[in-house]
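First comes the structure, then the notes that go with it.
Just so we're on the same page: letters track the sequence lines, and every chain starts at 1. All values reported here derive from a predicted model rather than from experimental measurement.
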Amino acid sequence: QEIVVVSHGQANDAFWNVVKNGVEQAGKDVGVNVEYRAPETFDMVAMSQLIDAAVNQEPDGLIVSIPDADALGPSIERAVAAGIPVISINSGAEVAKELGALLHVGQDEYDAGKAAGERLASMGGTNAICVNHEVGNVSLDLRCEGFAEGFGGKVTVLPTSNDPTEIESKVSAALSSDESVDTVMALGASSAGEPTVAAAKASGRDVNVASFDLSANFLQSIADGDAAFAIDQQQYLQGYLAVNFMGLHAKYGLMPGGDVPSGPNLVTQDKATQVIDLSSQGIR
Amino acid sequence: MSESAPVTADERVKSEPFLTKLMKRPELGAMAGVVLVFIFFAITADSSMFTLAGVMNFMTPAAQLGILAIGAALLMIGGEFDLSIGSMVAFSGLFFGVCVVTWQLPLIVAIPMTFVFAAMVGGINGNIVIRSGLPSFIVTLAFLFILRGLSLVGLKMATGGSTQLRGVRDVVENDWLAPFFSGEAFGGLFAWMAEVGIIDTFKNGAPKVPGIPVEILWFIVMALAATYVLLRTPAGNWIFASGGDKTAASNSGVPVNRVKVSLFMLTACCAALVAIITVMDAGSTDARRGFQKEFEAIIAAVIGGCLLTGGYGSAIGAFFGSIIFGMVVIGLTYTDFDQDWFQVFLGGMLLIAVLFNNAIRKRVTGER
Amino acid sequence: MSESAPVTADERVKSEPFLTKLMKRPELGAMAGVVLVFIFFAITADSSMFTLAGVMNFMTPAAQLGILAIGAALLMIGGEFDLSIGSMVAFSGLFFGVCVVTWQLPLIVAIPMTFVFAAMVGGINGNIVIRSGLPSFIVTLAFLFILRGLSLVGLKMATGGSTQLRGVRDVVENDWLAPFFSGEAFGGLFAWMAEVGIIDTFKNGAPKVPGIPVEILWFIVMALAATYVLLRTPAGNWIFASGGDKTAASNSGVPVNRVKVSLFMLTACCAALVAIITVMDAGSTDARRGFQKEFEAIIAAVIGGCLLTGGYGSAIGAFFGSIIFGMVVIGLTYTDFDQDWFQVFLGGMLLIAVLFNNAIRKRVTGER
Amino acid sequence: MSDDTKFHHGDTANDLAPIVQMKDIEKHFGNIIALAGVSFDVKPGECHCLLGDNGAGKSTFIKTMSGVHKPTKGEIYFEGKPLHFDTPRDAMEAGIATVFQDLAMIPLMSVTRNFFMGREPTKGKSLFKRFDVEQANDVCMEEMRKMGINLRGPDQAVGTLSGGERQTVAIARAVYFGAKILILDEPTSALGVRQTSNVLATIDRVRNQGIGVVFISHNVRHALAVGDRFTVLNRGKTLGTATRGEITPEELQDLMAGGQEMAQLEGSLGGTV
Amino acid sequence: MSDDTKFHHGDTANDLAPIVQMKDIEKHFGNIIALAGVSFDVKPGECHCLLGDNGAGKSTFIKTMSGVHKPTKGEIYFEGKPLHFDTPRDAMEAGIATVFQDLAMIPLMSVTRNFFMGREPTKGKSLFKRFDVEQANDVCMEEMRKMGINLRGPDQAVGTLSGGERQTVAIARAVYFGAKILILDEPTSALGVRQTSNVLATIDRVRNQGIGVVFISHNVRHALAVGDRFTVLNRGKTLGTATRGEITPEELQDLMAGGQEMAQLEGSLGGTV
Ligand SMILES: Nc1ncnc2c1ncn2[C@@H]1O[C@H](COP(=O)(O)OP(=O)(O)OP(=O)(O)O)[C@@H](O)[C@H]1O
Ligand SMILES: Nc1ncnc2c1ncn2[C@@H]1O[C@H](COP(=O)(O)OP(=O)(O)OP(=O)(O)O)[C@@H](O)[C@H]1O
Ligand SMILES: [Mg+2]
Ligand SMILES: [Mg+2]
């Protein structure tokens with residue numbers, strides 16, 4: 001059996017690397033051949049072409065993320081029309097059924113952001129920065145929007161590049177130019193979260209730092225009390241379960257009855273140390 | 001005044017095989033690369049890659065890239081760069097989206113407006129470059145940022161906070177101009193071919209290939225037009241001259257500044273065309289559209305034999321360069337390589353394709 | 001043989017004010033831009049930007065970029081590009097990380113090994129460019145992809161599946177070489193200055209600025225060294241000549257190929273230096289390190305007056321170019337502008353800075 | 001720099017109104033003064049030689065005449081009307097064709113494309129108006145043959161031509177397009193003896209057609225062979241104008257050397273170099 | 001292309017062994033045959049003139065001698081030993097200095113930097129060994145003055161020099177570094193009369209120092225003034241070698257024109273162009 005996964009996240013993105021690891025593990029466990037594909041950058045046009053390419057190969061199952069239903073819809077519908085079973089992961093819960101996907105495994109970015117915002121607001125935050133290291137990537141934008149919604153207070157989006165040094169400097173700058181900032185939300189643990197912690201520490205102020213996704217160093221910071229928590233989508237599940245379901249579907253025609261929420265799961269100080277190792281292996 | 005000497009064959013010219021003559025043309029150098037890449041995938045890739053559907057599938061991104069690459073190639077031959085084309089795709093996509101979605105303009109108005117708008121931005125680019133004498137690299141780089149930023153701001157204003165503008169497909173669906181810029185051409189023909197069994201169908205009977213995506217037609221038409229202009233019109237001569245040596249060209253009476261500004265406008269219009277096609281196809285636009293496309297367009301042009309220093313290259317070269325690039329990017333997904341290795345293969349294939357090109361050309365033309 | 005004519009003052013030379021002479025140097029052109037950007041932020045930005053802490057804050061990324069930009073500038077003056085420096089940062093960062101974490105080598109071994117390794121990759125780059133005669137743009141572009149891809153593959157192999165290799169800080173912490181490549185220099189001095197109240201302190205008495213980040217020192221040293229090499233050594237003359245006109249230089253006896261390969265190796269070593277510094281500072285490395293840094297380095301070099309066509313430019317220009325770029329990128333967060341407009345301002349400021357530069361230079365030197 | 005008695009200003013070989021008249025032209029490059037007030041005119045049907053030492057400002061001067069440089073000071077009258085050429089194209093359209101010392105050719109482009117650069121012959125109408133490559137090739141080969149060069153083919157890149165072949169392309173081009181004034185800046189410097197005599201003959205021919213020729217040369221013999229008037233520049237200033245027959249080769253040569261002594265060779269250079 | 005009786009092969013002005021001997025050199029560029037078997041040698045202390053029509057292959061030939069082109073066929077002996085120069089640098093280190101027809105200068109670089117390009121004088125030791133700019137400037141200005149050009153300053157960019165000034169830099173450089181052989185490809189083409197006579201005098205001087213000079217020119221008078229032997233190329237082949245005194249200017253000129261007739265001018269060109 002042949003299963004193809006097409007996502008909008010590159011293989012060298014820390015978050016999607018974990019998804020990919022899940023995909024591969026599931027492929028081994030269920031005994032199917034899986035291939036993971038993604039465009040070189042966040043590019044909906046390119047992604048729809050990758051889905052088309054996958055459809056051409058008529059796999060036994062197609063797993064996609066749907067960050068832009070308008071752009072990807074026709075390609076997915078074409079897959080469904082061609083009789084290829086489709087499962088959606090990560091994003092697109094609201095449109096998955098409509099487009100003909102059997103099931104959605106994932107955690108809506110907006111909801112995850114909202115949960116994080118609520119949590120940080122409850123920790124006493126009133127003025128927050130949302131560090132966006134890939135402006136225009138819709139899923140990151142949604143995290144920020146959800147965060148703003150849940151947080152309630154003032155939220156400023158800080159656009160940065162992927163470069164840790166630049167992020168650290170920019171967060172430092174933002175902290176020192178507005179003394180009332182008390183909360184920083186990073187949208188990715190390894191690229192944005194770690195330098196954010198460093199900047200917060202160097203500022204000498206009491207700032208709550210939280211981040212989406214996990215990275216070993218960021219978890220260490222949580223354990224050490226330098227950061228508040230990390231939001232774990234448990235994206236390993238998104239890859240693993242989707243492939244697992246699809247494999248079973250291909251073999252035995254099995255399919256769960258409803259969507260599977262993979263998160264959110266807040267990793268706080270008490271749990272942080274347990275997952276460091278798993279994170280440094282790319283499983284969490 | 002001496003009488004003109006009789007025209008005699010020169011004993012100092014060896015006769016040259018036809019193949020050699022052919023390979024000397026910059027247009028055709030890139031073909032060897034296409035052939036190599038084709039052979040590679042014919043061996044390694046899933047057989048579905050070279051079915052009709054598979055070919056359309058890799059030709060679509062190649063065509064979108066190629067439209068940009070042809071513009072970029074002309075500009076490069078003319079001695080300048082435009083790094084803002086990627087951002088221009090996003091920006092004119094936004095403009096077009098706002099025209100049709102927010103202002104509800106029909107395509108016959110919205111499309112020309114988008115082109116005029118793009119040409120204006122291109123003209124600004126060009127005029128700054130010409131007037132200031134700064135390298136176009138740095139000026140258009142500034143516009144890379146500015147246009148990308150404006151796309152973000154504009155999107156947020158147009159949508160009330162989102163970075164994605166949706167709903168284009170619904171409003172343009174029934175416009176009579178839409179078939180020229182979106183979807184597939186010759187749909188009837190393909191449906192018929194599917195019926196009589198010339199082409200493959202899905203299980204449900206629909207043809208696997210509903211037609212030729214319009215961008216492919218645009219791509220071919222543009223490549224031919226650009227080649228014609230370059231090789232067979234005075235304008236083409238001026239482009240080569242402006243890029244080859246600005247001072248010499250201007251001293252010989254070529255209106256260098258006018259040529260360069262026109263090329264900037266042309267490149268921007270190419271970006272607008274891609275924007276219109278992709279926005280209508282996708283039905284939406286977002287702030288990341290066209291990201292790094294400037295880069296890929298320059299890559300395709302260089303693979304196709306354009307010199308970065310200007311004055312040399314061809315549109316057909318850019319055509320083949322885009323096909324190489326498109327074929328490699330999509331083709332790798334038809335193979336069994338792990339996605340982790342994707343970039344390694346991409347880089348390796350590009351390198352091998354151009355080295356091969358080069359080696360073949362040198363061998364055939366006997367250059368040292 | 002005529003006797004040499006007496007040396008007389010030439011009546012055809014107008015006397016030239018000192019300022020004019022100064023501004024004619026490409027090194028100093030970029031200074032006007034720095035001043036302009038400084039004035040802009042002095043007015044619009046929060047006052048904390050130009051405190052000692054604020055300056056260190058924007059100088060750190062500027063310095064990291066600058067180290068790359070100086071390498072890129074030398075290479076550009078020598079007439080070539082290296083698009084693989086960004087990927088090289090990731091790749092040599094991985095190599096260094098593996099050396100210290102996986103193989104547990106002391107820095108005195110790991111650092112030279114990393115440099116040698118980087119130089120080797122640079123040498124491969126250079127040799128392919130020279131041997132094939134292909135444009136360096138396309139060759140190093142292939143390496144951009146290849147090295148980026150290999151970094152990912154290597155990281156996953158080294159960590160067993162993650163894209164991040166961590167634990168560098170723990171192993172290097174006590175190495176005697178570490179202070180040269182990480183953290184802050186002159187810590188004692190700054191602590192003393194804090195004590196006597198020359199510089200600001202936190203409430204707990206620690207100085208707000210614990211010292212000068214080492215990358216800033218490396219940056220300054222490299223800018224001086226590169227300037228010295230360019231202006232005061234035979235090698236510098238060869239670099240200018242190789243970039244100015246390859247054939248003419250080689251016909252005049254400059255070992256053009258050797259110069260170019262060395263420059264590729266140097267650029268790769270600059271990337272390795274940045275990799276070592278950032279990996280030690282961050283304590284980890286990941287697959288996205290150095291993303292698009294090649295681009296920024298070229299930007300900084302061009303802002304600083306390097307010509308893309310080679311043969312002209314300066315290391316000090318790249319120095320100021322990096323500072324302009326770093327100041328604008330970080331500085332905008334100190335202002336009250338809506339951050340959605342960030343890219344618009346970034347592009348606008350870059351454009352204005354270079355236009356201003358250019359205008360000042362032209363006015364001062366009386367060029368048309 | 002004495003005003004030699006044989007030199008006199010303003011008296012010309014014929015009484016036609018000058019096509020171009022340049023008055024007190026100055027040109028500064030930054031702090032360098034290349035021209036410090038030079039006056040000059042060209043009449044139809046005459047060959048006016050511009051002579052002078054290296055660096056005297058000859059090329060700079062003719063570049064102001066053909067629209068490449070804008071003069072820092074001074075006036076240009078074209079057919080009696082004050083005029084400023086903004087670009088070389090303007091000058092060209094007014095009927096001035098120039099062979100620049102650096103030839104103004106694009107090495108990567110073919111001979112034909114260089115020959116017709118900026119003034120391509122076209123065929124076909126409106127949208128189908130196109131560069132008439134065949135005719136262009138024929139014209140180009142024919143004009144080159146007239147100058148004594150048999151090209152191997154019209155599509156050879158100019159960069160691969162020999163020095164003299166390249167110079168011949170530039171001359172043939174200017175002659176072909178020269179309508180009212182033909183400016184030649186050291187046209188024969190790289191030419192063989194046969195090509196040189198062809199060029200001199202060509203100058204003679206176009207002069208007889210009523211075209212004004214400005215001829216720059218360091219070769220006294222060439223200048224005397226075709227020149228009607230001789231203007232000598234020295235260090236950015238004019239030393240005066242002489243008419244043909246009024247001046248001996250030796251005097252002219254002395255003036256061209258800027259009055260300074262020349263090295264003596266044991267060999268037989270026989271008076272003029 | 002007859003073997004004129006005045007021409008004879010192998011008999012030379014003196015009996016020293018040649019420094020460089022080239023045998024049956026062929027050079028093809030793709031399908032173009034630029035040299036079809038040319039033999040040539042240079043002896044110490046002689047000035048060997050290489051003459052010929054435009055496109056005859058003179059420049060191509062001396063480029064094979066100075067390591068720029070690798071010959072397609074043929075052998076090169078340097079001081080009796082067979083040798084191939086891989087790069088111009090090798091040739092230079094062996095003692096061959098060349099003035100190329102295109103001068104091989106970098107327009108954006110200063111006069112001094114061009115002058116010393118590839119062979120910079122240094123001062124200081126080991127790590128502090130640096131380009132001795134002051135000395136370089138002095139040498140450069142002085143050498144230029146010797147050639148009759150007073151530069152405004154050693155840091156002027158070569159691109160802003162006049163054609164003759166630029167050529168003088170190239171000549172001065174080659175003379176300064178010429179150790180065993182000095183090759184001059186049309187060195188006087190852009191020079192003024194004074195500079196020309198200086199260059200001819202310089203050729204004479206270095207010849208007397210025992211350096212072999214290869215001199216390419218289209219000017220018969222210049223060639224006869226300094227040349228000891230004359231080799232004429234025509235369409236990639238050699239027409240033979242003549243010794244000084246054996247041949248009249250008119251004969252030489254006829255040979256250089258490739259035997260073809262020259263245009264006649266009513267003007268007084270007086271025999272030789
Ligand atoms: N762009 C420039 N910038 C600075 N100086 C210049 C520039 N162009 C020319 N010059 C100077 O002006 C003077 C006149 O140069 P020009 O080229 O007109 O001389 P010329 O008479 O043509 O000499 P030649 O016979 O050697 O060609 C020269 O000394 C030259 O160095
Ligand atoms: N790279 C090249 N490719 C093709 N043809 C070439 C190349 N270089 C030179 N040629 C041809 O070889 C012939 C000889 O050229 P060369 O430059 O040696 O002539 P030359 O004797 O120096 O002439 P001139 O007196 O005009 O300088 C010319 O016809 C030229 O077109
Ligand atoms: Mg001149
Ligand atoms: Mg020659």
Side-chain angles (χ1 to χ4, degrees), chain D residues 29 32 34 52-60 101-102 148-150 152 156 160-165 167-168 185-186 188-198 200-202 204 218-222 224-226 253-254 256-258 260-270 272-273, chain E residues 29 32 34 52-60 101-102 148-150 152 156 160-165 167-168 185-186 188-198 200-202 204 218-222 224-226 253-254 256-258 260-270 272-273:
Chain D
F29 295 105
I32 291 180
D53 203 3
N54 287 132
K58 303 179 296 299
S59 300
T60 308
Q101 194 170 10
D102 61 8
I149 299 272
N150 263 311
R152 296 200 179 75
Q156 190 173 0
T160 66
L161 291 181
S162 83
E165 290 168 340
Q167 193 162 36
T168 312
D185 191 353
E186 307 194 19
T188 55
S189 60
L191 296 191
V193 283
R194 198 158 44 85
Q195 289 77 8
T196 302
S197 76
N198 279 337
L200 296 180
T202 304
D204 193 42
H218 288 299
N219 191 315
V220 182
R221 306 162 62 80
H222 294 175
L224 283 170
V226 293
Q253 174 158 320
D254 271 3
M256 283 164 64
Q260 284 176 266
E261 286 245 324
M262 264 179 292
Q264 286 304 321
L265 280 177
E266 336 85 276
S268 58
L269 266 169
T272 50
V273 185
Chain E
F29 295 106
I32 291 179
D53 203 5
N54 287 133
K58 304 180 293 301
S59 300
T60 308
Q101 194 169 10
D102 61 7
I149 299 273
N150 263 312
R152 295 201 181 74
Q156 191 173 357
T160 66
L161 290 181
S162 84
E165 289 169 340
Q167 193 162 37
T168 313
D185 192 354
E186 307 193 20
T188 55
S189 60
L191 295 192
V193 284
R194 199 159 44 85
Q195 289 77 7
T196 302
S197 76
N198 277 337
L200 297 179
T202 305
D204 193 40
H218 288 299
N219 192 314
V220 182
R221 306 163 61 79
H222 294 175
L224 284 170
V226 293
Q253 176 158 318
D254 270 3
M256 282 165 66
Q260 285 176 267
E261 287 246 324
M262 264 179 291
Q264 285 306 320
L265 281 177
E266 335 86 278
S268 58
L269 266 170
T272 51
V273 183

- Taking the side chain as C-beta and beyond, is there a heavy-atom pair between Arg221(D) and Arg221(E) under 4.5 Å? yes
- chain E contact via Gln156(D) - which portion, at a heavy-atom distance below 4.5 Å: side chain
- Measure distances from Ser162(D) to the heavy atoms of chain E and classify the residue's part below 4.5 Å as side chain, backbone, both or neither. side chain
- What is the distance from atom CD of Glu186(E) to atom CD of Gln167(E), rounded to the nearest 0.5 Å? 9.0 Å
- Message: As an exercise: rank Ile149(D), Ile32(D), Leu191(D), Asp185(D) by heavy-atom pairs under 4.5 Å with chain E and give me the winner.
- Response: Leu191(D)
- Message: If we count only N and O atoms by modelled type, under 3.5 Å, do the side chains of Ser59(E) and Gln101(E) hold a donor and an acceptor together?
- Response: yes
- Quick one: does Asn54(D)'s side chain have a donor or acceptor within less than 3.5 Å of a partner on Glu165(E)'s backbone? no
